[in-house]
Amino acid sequence: MFEGEGLVGTKLSPVLKPEPGVISDFDMTLSRFGCNGRRCPTSHNILDNSRVISEDGKRKLQDLLHYYYPIEIDPNRTLEEKCPLMVEWWSRAHELLSQQKIQKGDIAQIVRESDVMLRDGFKELFDQLHKNNVPLFIFSAGVGDILEEIIRQANVFYSNVNVVSNYMDFDDNGILTHFKGPLIHTYNKNNSVLQGTKYFQQLSTRTSIILLGDSMGDLTMADGVPSVENILKIGFLNDKVEERREKYLDAYDIVLESDETLDVVNGILRYLLTET
Ligand code: TMP
Ligand code: MG
């Protein structure tokens with residue numbers, strides 16, 4: 001939590017102003033979970049549902065989702081139990097996707113034709129952070145190429161935005177051959193997969209971190225940031241709200257239930273960043 005008078009407020013001397021950084025999950029955190037009673041797609045789902053996947057491929061990817069997603073969000077299973085199963089899910093899904101001859105040149109169109117939506121208020125969030133030179137790290141177990149295209153099409157892929165995610169590798173003809181490592185799944189979002197990235201360097205002077213996530217796996221995304229003194233963890237509780245509320249309230253500082261907006265995050269940032 002942000003603690004102590006010195007960190008938050010409008011009457012601070014510049015020296016005492018916090019140096020915030022934002023670390024955010026992407027799927028179901030920056031993107032919407034649902035709209036008008038229908039689920040919105042994750043970055044993987046955008047590919048799965050697209051016209052470039054064969055009917056057989058679609059069915060197999062659906063089967064994986066129906067088998068592994070309940071495990072991912074099960075509050076009664078331990079991390080130790082879930083981790084190997086998540087590696088299994090991601091590996092099998094990436095293997096199937098890599099058999100589909102997906103073309104790099106089709107990605108923009110695939111995203112345009114999808115039902116993905118960013119949460120209401122995304123533009124204010126990205127604009128505020130950019131204007132105030134606050135780094136935004138998107139740490140995602142989704143598909144980096146897809147989520148980058150989403151924020152590019154939304155015209156908010158500013159210079160302060162960095163993405164760590166699973167990226168596709170294409171051959172000389174622009175056809176997907178495999179996903180580059182290390183594999184990032186829901187429950188290894190920590191410094192074990194951040195070697196060689198600009199993550200720590202970019203966040204090295206940041207003493208206050210705002211962490212945004214929707215999964216219990218997102219809670220470790222700020223582990224290892226060197227100068228961090230305060231972390232405000234904001235959790236979107238999207239699914240299985242009743243069963244998971246207690247655990248989310250224990251782990252996150254703020255829990256937003258069935259909220260498809262970024263209003264709370266924007267309000268906090270406005271308060272932190274506005275000089276009067
Ligand atoms: P993240 O939001 O923590 O970055 O995780 C990505 C989400 O992607 C996670 O909730 C599970 C989901 N997912 C799919 O929808 N389809 C897939 O094939 C895989 C591997 C993951
Ligand atoms: Mg997520």
Transitive ILVMFWY side-chain link [X] to [Y], under 4.5 Å:
X	Y	result
V143	I175	no
V87	I71	no
V264	L262	yes

May I ask you to test the [X]-[Y] pair for a side-chain heavy-atom distance under 4.5 Å?
X	Y	answer
V134	V22	yes
M216	R244	no
K58	Q62	no
V164	S140	no
L65	W89	yes
L47	L97	yes
I53	L96	no
L272	N132	no

M117: partners by side-chain contact (heavy atoms from CB on, under 4.5 Å), with sequence neighbours left out: R32, C35, C40
Residues E148, R152: salt bridge by 4.0 Å N-O rule: yes
Salt bridge K82-E72, side-chain N to carboxylate O under 4.0 Å: no
Measure across [X] and [Y] and return the closest heavy-atom pair with its distance rounded to 0.1 Å.
X	Y	value
Q153	A108	NE2-O, 2.9 Å
A154	L118	CB-CD1, 3.7 Å
P20	P135	O-CD, 3.9 Å
L183	W90	CD2-CB, 3.7 Å
S24	T29	OG-CG2, 3.7 Å
F179	S98	CD1-OG, 3.9 Å

Within 45° cone of F33 ring axis and under 6.0 Å: R119 NZ or CZ: no
Charged tip of R39 within 45° of Y69 ring normal and under 6.0 Å: yes
Measure the spacing between [atom1] of [X] and [atom2] of [Y] and express it to the nearest 0.5 Å.
X	Y	atom1	atom2	result
I107	L176	CD1	CG	8.0 Å
F137	D25	CZ	CG	15.0 Å
I254	L232	CD1	CG	5.0 Å
F26	I138	CZ	CD1	6.5 Å
N49	H44	CG	NE2	12.5 Å
I110	I46	CD1	CD1	9.5 Å

Is there a donor-acceptor pair closer than 3.5 Å between any side-chain N or O of [X] and the backbone N or O of [Y]?
X	Y	answer
E257	F236	no
D171	G174	yes
E113	S50	no
N188	H185	yes

Pair D169-T177, side-chain hydrogen bond (donor to acceptor under 3.5 Å, both in side chains): steps then yes or no: CA-CA 6 Å; D169 212 356; T177 52; 5.2 Å; no
K60: partners by salt bridge (charged side-chain N to carboxylate O under 4.0 Å, His left out), with sequence neighbours left out: D56
Criterion side chain to side chain contact (heavy atoms under 4.5 Å, CB included) on S215 and K189, from CA distance to verdict: CA-CA 11 Å; S215 145; K189 294 172 91 171; over 6 Å; no
R38 atom CZ, over 12 foreign heavy atoms within 6.0 Å: no
More than 12 heavy atoms of other groups within 6.0 Å of K247 NZ: no
Exercise: do N45 and T42 side chains pair donor with acceptor under 3.5 Å: yes
Pair R112, Q109: side-chain N/O donor-acceptor within cut-off below 3.5 Å: yes
side-chain hydrogen bond (donor to acceptor under 3.5 Å, both in side chains) assessment of H130 paired with N160: CA-CA 6 Å; H130 181 230; N160 62 317; 4.8 Å; no
Worked check of side chain to side chain contact (heavy atoms under 4.5 Å, CB included) between L125 and V156: CA-CA 9 Å; L125 174 70; V156 290; over 6 Å; no
Evaluation steps, side chain to side chain contact (heavy atoms under 4.5 Å, CB included), between L273 and Q128: CA-CA 8 Å; L273 299 173; Q128 278 203 82; 4.1 Å; yes
Single hit among D145, D27, N166 for side-chain hydrogen bond (donor to acceptor under 3.5 Å, both in side chains) with S43: D27
Derivation of the side chain to side chain contact (heavy atoms under 4.5 Å, CB included) call for L219 and K233: CA-CA 7 Å; L219 290 155; K233 295 176 176 165; 3.7 Å; yes
Residue of the set D218, D239, N238 for which side-chain contact (heavy atoms from CB on, under 4.5 Å) holds with M28: N238
